[in-house]
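This report concerns only the one structure given below.
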Amino acid sequence: MDAYHTWLSNQTYLNWTEPFFTAYHYKKADLPARYRVQVIAEEHLRGAIFFYDPSIGAENFGFFLELLKDRVQQQGYTLHSGNKLQVRHERYTEEIEKLVLTPPASDLPGTSLCNQLYGNVLLDYIKVNNRPGFIRFAVNSYQDAFFSKPLPFEELLEKTLQPHEQPRR
């Protein structure tokens, strides 16, 4: 974990947070971008898939997943579960690291509605033959009379990829 903390303190992540943020918005506008991103826009599932690029480096891409998790937790979310799964296919092996983060259990102020914020946050890191493939960053929301309307995924994306940077110590 020391390497990750050095990566954070050196703000190495700035090499990818802005480009991935831009790539997401460029993809929505059907414009070319430096990195490949796929937009997830299903009825109750919103998010982005960030595809690995060799220019990033495998270690940096793994740290990028940690950064996303940490930044979601800074929004009040709790790591609910995390697991790793290995699936052997005929010609390749797929490794899946799944993290589920949940919002704090609280009511929306002034109501009796459960405040789901953005919904449950799903982070999946997929590797094929031990090589980085992509990171899926998505929110799964409830459409129920007992839950608040979910906040837009784009707002969470901005808070995780474009936060006000902390001054160096």
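These numbers come from the heavy atoms of this one structure, side chains and all, not from hydrogens, waters or symmetry mates.
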Measure from NZ or CZ of Arg71 to the centre of the six-membered ring of Tyr13, then state whether that distance is under 6.0 Å and the direction lies within 45° of the axis.
yes

Grab the two heavy atoms, one from Ile96 and one from Ile126, that are nearest each other, plus how far apart they are.
CG2-CD1, 3.5 Å

Is it the case that the side chain of Tyr77 and the backbone of Pro104 share a donor-acceptor pair, with hydrogens and angles ignored and the cut-off at 3.5 Å?
no

CG on Leu157 to CD on Gln162, rounded to 0.5 Å:
8.0 Å

Qualifying salt bridge (Lys or Arg N to Asp or Glu O under 4.0 Å) pairs, either residue in residues 76-100, two or more places apart:
Lys98-Asp124

So do Thr160 and Val72 actually touch side chain to side chain, heavy atoms under 4.5 Å?
yes

Hey, quick one: are Leu65 and Phe63 part of the same hydrophobic cluster, counting side-chain heavy atoms closer than 4.5 Å, chains of contacts allowed?
yes

Is there a path of hydrophobic side-chain contacts, each under 4.5 Å between heavy atoms of I/L/V/M/F/W/Y residues, joining Phe21 to Tyr118?
yes

Is any side-chain heavy atom of Leu156 closer than 4.5 Å to a side-chain heavy atom of Val121?
yes

Find out whether Tyr24 and Gln38 are in side-chain contact, i.e. whether some heavy atom of one side chain is under 4.5 Å from a heavy atom of the other.
no

Could you check if a side-chain atom of Ile135 sits within less than 4.5 angstrom of a side-chain atom of Tyr52, using non-hydrogen atoms only?
no

Closest non-hydrogen atom pair, Pro103 against Leu117
CB-CD1, 3.9 Å

Between the main-chain N or O of Thr12 and the side-chain N or O of Asn15, is there a donor-acceptor pair closer than 3.5 Å?
yes

Looking only at non-hydrogen atoms, find the nearest pair between Val37 and Ala23 and report the distance.
CG2-CB, 3.5 Å

Same hydrophobic cluster for Val128 and Leu85, using side-chain heavy-atom links shorter than 4.5 Å among ILVMFWY?
no

Is there a chain of hydrophobic side chains (I, L, V, M, F, W, Y, each step under 4.5 Å between heavy atoms) that links Phe20 to Leu122?
no

Test item: Thr78 side-chain N/O and His80 main-chain N/O as donor-acceptor pair under 3.5 Å
no

Nearest-0.5 Å distance, CG of residue Asp53 to CG of residue Asn60:
11.5 Å

Heavy-atom closest pair, residues Leu99 and Gly82
CD2-CA, 3.9 Å

Is the Tyr125 to Phe134 ring centre distance short of 6.0 Å?
no

Do Val39 and Leu31 belong together in a cluster built from hydrophobic side chains that touch within less than 4.5 Å?
no

Between Gln11 and Ser9, do the side chains contain a donor N or O and an acceptor N or O under 3.5 Å apart?
no

Quick one: closest heavy-atom pair of Leu45 and Ala138, and the distance?
CD1-CB, 3.9 Å

Kindly check if the number of other-residue, nucleotide or ligand heavy atoms within 6.0 Å of CD (Gln86) is above 12?
yes

Salt bridge between Arg46 and Glu42, side-chain N to carboxylate O under 4.0 Å?
no

Could you report the tightest heavy-atom contact between Gln116 and Ser148, atom names first, then the distance?
NE2-O, 2.7 Å

Is any side-chain heavy atom of Phe146 closer than 4.5 Å to one of Ser112?
no

Test ring-ring contact (aromatic ring centres under 6.0 Å, His included), reference Phe50, set Trp16, Phe61, Phe64, output is Phe64

Working to the nearest 0.5 Å, report the span between OH of Tyr26 and CZ of Arg34.
12.5 Å

Quick one: pull up CG in Asn130 and OH in Tyr92 and give me the separation to the nearest 0.5 Å.
15.0 Å

Report yes or no: does Asn140 contribute a side-chain atom to a donor-acceptor pair with the main-chain N or O of Asn120 at less than 3.5 Å?
no

Side chains of His89 and Val87, heavy atoms from C-beta outward: is any pair under 4.5 Å?
yes

In terms of ring plane angle, is the pair Trp7 and Tyr4 parallel, tilted or perpendicular, where the classes change at 30° and 60°?
parallel

Can you find a pair of side-chain heavy atoms, one from Leu67 and one from Asp70, that are under 4.5 Å apart?
no

Do Leu101 and Lys69 have side chains that get closer than 4.5 Å, going by heavy atoms?
yes

To the nearest 0.5 Å, tell me how far Asp107 CG sits from Phe147 CZ.
10.5 Å

Quick check: does any side chain N or O of Arg131 sit under 3.5 Å from a backbone N or O of Lys127, one acting as donor and the other as acceptor?
no

Separation of Arg36 CZ from Lys27 NZ (nearest 0.5 Å)
8.5 Å

